[in-house]
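Okay, so here's the structure we're looking at.
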There are 2 protein chains.
Amino acid sequence: MHVRRPATLASLAAELGVSRTTVSNAYNRPDQLSPELRRRVLETARRLGYPGPDPVARSLRTRKAGAVGLLLTENLSYAFRDPAALAFLEGVALACEGAGQGLHLVPVNPEREDITAVHRAGVDGFIVYSVPDDDPHLAAVLSRPVPTVVCDQPRVEGVDRVGIDDRAAIAQLAQRLITLGHRKVGVLCMRLARDRNDGFAAIDRQRTAHFHVQKARLAALNEAFSAAGVDWAGVPVVERFDHSQASGASAAAQLLDKHRDVTALICTSDILALGALAEAKRRALRVPQDLSITGFDGIADAERAGLTTVRQPMLDKGRAAGTLLLDTVDRGRPREITLPTELIVGSTSAQPRTAEERWFGP
Amino acid sequence: MHVRRPATLASLAAELGVSRTTVSNAYNRPDQLSPELRRRVLETARRLGYPGPDPVARSLRTRKAGAVGLLLTENLSYAFRDPAALAFLEGVALACEGAGQGLHLVPVNPEREDITAVHRAGVDGFIVYSVPDDDPHLAAVLSRPVPTVVCDQPRVEGVDRVGIDDRAAIAQLAQRLITLGHRKVGVLCMRLARDRNDGFAAIDRQRTAHFHVQKARLAALNEAFSAAGVDWAGVPVVERFDHSQASGASAAAQLLDKHRDVTALICTSDILALGALAEAKRRALRVPQDLSITGFDGIADAERAGLTTVRQPMLDKGRAAGTLLLDTVDRGRPREITLPTELIVGSTSAQPRTAEERWFGP
DNA sequence: AATTGGTTCTGAACCGTTACGGTCCCCTAC
DNA sequence: GTAGGGGACCGTAACGGTTCAGAACCAATT
């Protein structure tokens with residue numbers, strides 16, 4: 001550890017016999033004082049071990065912290081494990097470093113409601129990524145008098161927003177499955193609300209979901225399959241609180257145990273889909289002959305696995321969020337950026353076998 | 001964007017007809033005022049849209065920012081691409097969230113010398129990860145009157161440190177190759193200094209390297225192979241500024257073009273090794289029969305590829321750095337933590353073929 | 001009646017800077 | 001000789017809190 005005598009701008013000024021303003025100018029506005037004096041100031045600073053103006057005091061005065069706050073649904077460390085979140089983070093970082101801004105990761109525990117971290121963060125603005133609409137942290141952010149950008153969340157009055165058209169994106173996927181002939185499908189989705197509910201999610205829970213993205217995707221699936229004559233009430237939807245391949249596998253198991261007749265498993269994330277893929281393999285179900293499986297996100301592992309999925313530009317999303325937040329120019333009315341998505345048809349989806357084939361083989 | 005009338009603690013106090021102290025206490029020391037008054041304060045705060053004490057002003061007074069600064073060699077966004085750096089980051093994040101501290105990523109451009117970001121960061125301490133010993137950012141950090149932990153760097157007077165025994169770790173690897181019979185080896189390493197030098201690195205450059213880790217590993221290799229009778233001056237070492245598989249591949253190509261007789265390629269990182277592996281494949285060199293290749297780090301991709309490498313606990317490293325920084329208790333004399341490493345013998349190393357075999361096949 | 005003790009609230013100092021609006025002085029130009 | 005201009009530096013007032021030593025008050029004890 002490294003401790004210095006607390007030299008301040010004032011003590012430096014006293015030592016030099018100049019005003020504090022002058023010392024401040026030596027650091028911030030070199031043109032406001034003679035080069036000679038500036039040299040003396042800096043030299044004396046070195047001698048006294050003065051590290052330059054205190055960042056916090058400066059922030060207080062200038063009302064600028066030089067950093068962007070990032071709020072995630074999950075534990076801080078989770079973000080480093082999920083490829084999609086990671087790409088988002090990378091995008092935000094890109095925007096930040098382009099603007100010379102720091103990136104302040106706000107520590108949040110999704111299971112507790114400790115808001116203090118949000119209140120403590122000395123930042124010029126917040127990016128809020130995919131938290132439930134009733135999240136107290138979100139409320140805390142909005143209460144703070146700094147600009148905010150939300151991402152993968154519902155619109156908030158007067159707040160910039162970045163996202164994709166989740167409904168259209170998954171509707172396209174659904175349409176593909178429908179065209180292929182799938183009518184008996186199941187869905188694996190991520191957590192729908194802040195409470196842990198690992199299991200089937202009835203329509204009511206789907207409708208009252210607090211995670212905007214999941215809710216939108218389920219609603220769009222509902223709409224698409226209903227239009228194709230499928231009774232959505234009969235479509236099993238399994239929810240998982242934790243987002244991991246293991247969760248995907250167990251969810252798939254739970255669903256398949258109860259509904260052996262499904263011909264397609266629609267997963268709202270690639271991670272879940274990869275888990276489902278593993279479970280299918282474990283059960284010796286052939287994909288896509290016996291079971292089609294689809295994901296969402298377009299992460300590298302999904303591509304590697306040949307997953308049918310929807311690719312969304314996570315990195316661009318992060319960058320857009322950062323840019324929006326840092327672009328102070330045309331901050332008039334709230335802005336909204338919707339990024340394009342792309343259906344990726346992989347090798348994990350195909351026509352379902354007919355009943356006959358199911359009994360007698362292909 | 002979301003702007004509120006600037007209500008302050010003072011204006012709240014005025015509105016309520018109480019002192020600022022009382023309002024402050026309402027937030028920070030509930031036991032210091034009657035529950036009734038506290039209720040009124042909070043209620044009035046809500047009505048006026050007062051978001052609670054300003055974090056920056058609070059930080060100024062309390063001298064606590066509630067955040068840890070993290071300084072990396074590379075661009076901010078790089079950290080999200082390199083698995084090893086990522087694991088480190090995750091470890092730091094883990095420690096931070098355990099202590100309820102924010103994680104402030106300091107934006108740094110390794111090619112420029114803009115130090116202001118370090119001076120601007122309102123943090124309670126710094127973790128500095130693998131920057132060159134002459135890095136001006138490091139100097140800037142050390143000049144600040146806050147505790148610091150360096151990681152994968154040489155000792156700095158009076159500063160806590162976390163690392164591994166690089167020399168011992170790679171010496172073990174070298175010993176293995178020597179035992180297998182390799183005497184004609186080549187080395188691929190990461191950047192040795194702040195200037196870009198994509199190409200062969202002569203002994204002099206190796207010796208004057210500013211990246212501690214690389215320097216230590218090269219020195220240990222030198223020692224080990226010299227002891228085995230190899231003239232280190234004749235061992236080609238190729239350096240790459242950018243750390244990527246592409247770099248590894250091109251470095252391998254450059255080395256093999258000039259030194260067709262090497263039987264083993266020692267890489268100072270798994271990323272480089274994976275690139276070398278790709279290049280070997282491109283050249284139809286069989287690994288390990290025609291060429292042994294080793295890495296360093298023990299990332300997941302390396303394991304998948306069966307790489308012979310040294311595993312180091314990157315996550316633990318990050319966590320240790322965070323813990324060290326946040327543990328204010330026994331901050332007496334500088335502490336040092338050295339983490340264990342483990343030699344992983346994979347399928348990319350084997351006995352070199354004899355000269356005979358080289359000509360006539362195995 | 002005086003002392004003690006406990007709550008509840010206040011006043012003033014302080015944290016280390018920067019913004020703003022000067023002042024002062026020297027130099028040039030007419 | 002003096003008006004005008006510009007460079008160099010300064011004084012004061014915030015910025016928005018926290019902290020600590022009391023003050024005021026009331027009840028209980030001696």
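Convention: sequence-line order gives letters A, B, ...; per-chain numbering from 1. In what follows, every heavy atom counts, from backbone to side chain, and hydrogens, waters and symmetry copies are set aside.
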Taking 4.0 Å as the cut-off, does a side-chain nitrogen or oxygen of [X] come that near to OP1 or OP2 on [N]?
{"X": "R29(A)", "N": "dA19(C)", "result": "yes"}
{"X": "S24(B)", "N": "dG17(D)", "result": "no"}
{"X": "S34(B)", "N": "dC9(C)", "result": "yes"}
{"X": "S19(B)", "N": "dT10(C)", "result": "yes"}
{"X": "R38(A)", "N": "dA8(D)", "result": "no"}
{"X": "Y50(A)", "N": "dT17(C)", "result": "yes"}

task: Say whether, by atom type as modelled, one donor and one acceptor occur between the side chain of Q32(A) and the main chain of N25(A) under 3.5 angstrom.
output: no
task: Taking R335(A) for its side chain and L324(A) for its backbone only, find out whether a donor-acceptor pair lies under 3.5 Å.
output: yes
- prompt: For the base of dC10(D), is there a side-chain donor-acceptor partner from R20(A) under 3.5 Å away?
  reply: no
field: Sugar-phosphate only, base, or nothing, as touched by T22(B) at under 4.0 Å among non-hydrogen atoms
entry: base
query: Across the strands shown, which category fits V56(B) at heavy-atom distances under 4.0 angstrom: base, sugar-phosphate, nothing?
result: nothing
What is the distance from [atom1] of [X] to [atom2] of [N], rounded to the nearest Å?
{"X": "N28(A)", "N": "dA19(C)", "atom1": "CG", "atom2": "C1'", "value": "11 Å"}
{"X": "L9(B)", "N": "dA14(D)", "atom1": "CG", "atom2": "P", "value": "17 Å"}
{"X": "R58(A)", "N": "dG17(D)", "atom1": "CZ", "atom2": "C1'", "value": "20 Å"}
{"X": "D31(A)", "N": "dC9(D)", "atom1": "CG", "atom2": "P", "value": "12 Å"}
{"X": "K64(B)", "N": "dG16(D)", "atom1": "NZ", "atom2": "P", "value": "23 Å"}
{"X": "Q32(B)", "N": "dT18(D)", "atom1": "CD", "atom2": "C1'", "value": "13 Å"}
{"X": "R61(B)", "N": "dT19(D)", "atom1": "CZ", "atom2": "P", "value": "7 Å"}
{"X": "L12(A)", "N": "dT17(C)", "atom1": "CG", "atom2": "P", "value": "9 Å"}

- prompt: What is the distance from atom CZ of R40(B) to atom CZ of R47(B), rounded to the nearest 0.5 Å?
  reply: 10.5 Å
field: Shortest non-hydrogen separation from A85(A) to A79(A) and the atoms involved
entry: CB-O, 4.0 Å
task: For residues C151(A) and F88(A), report the shortest heavy-atom separation together with the two atoms involved.
output: SG-CE1, 3.3 Å
Kindly point out which of [options] is positioned nearest to the side chain of [X]?
{"X": "L37(B)", "options": "dC9(C), dT17(C), dG16(D)", "result": "dC9(C)"}
{"X": "D54(A)", "options": "dA19(C), dC15(C), dT17(C)", "result": "dT17(C)"}
{"X": "T21(B)", "options": "dG16(C), dC20(D), dG17(D)", "result": "dC20(D)"}
{"X": "P53(B)", "options": "dC9(C), dC9(D), dG17(D)", "result": "dG17(D)"}
{"X": "L60(A)", "options": "dT8(C), dG16(D), dA19(C)", "result": "dG16(D)"}
{"X": "A57(B)", "options": "dG17(D), dC9(D), dC15(D)", "result": "dG17(D)"}

- prompt: Is the number of heavy atoms from other residues, nucleotides or ligands within 6.0 Å of CZ (R161(B)) greater than 12?
  reply: yes
- prompt: In terms of the nearest nucleotide of DNA chain C, which residue is placed more toward the 5' end: R63(B) or G17(B)?
  reply: G17(B)
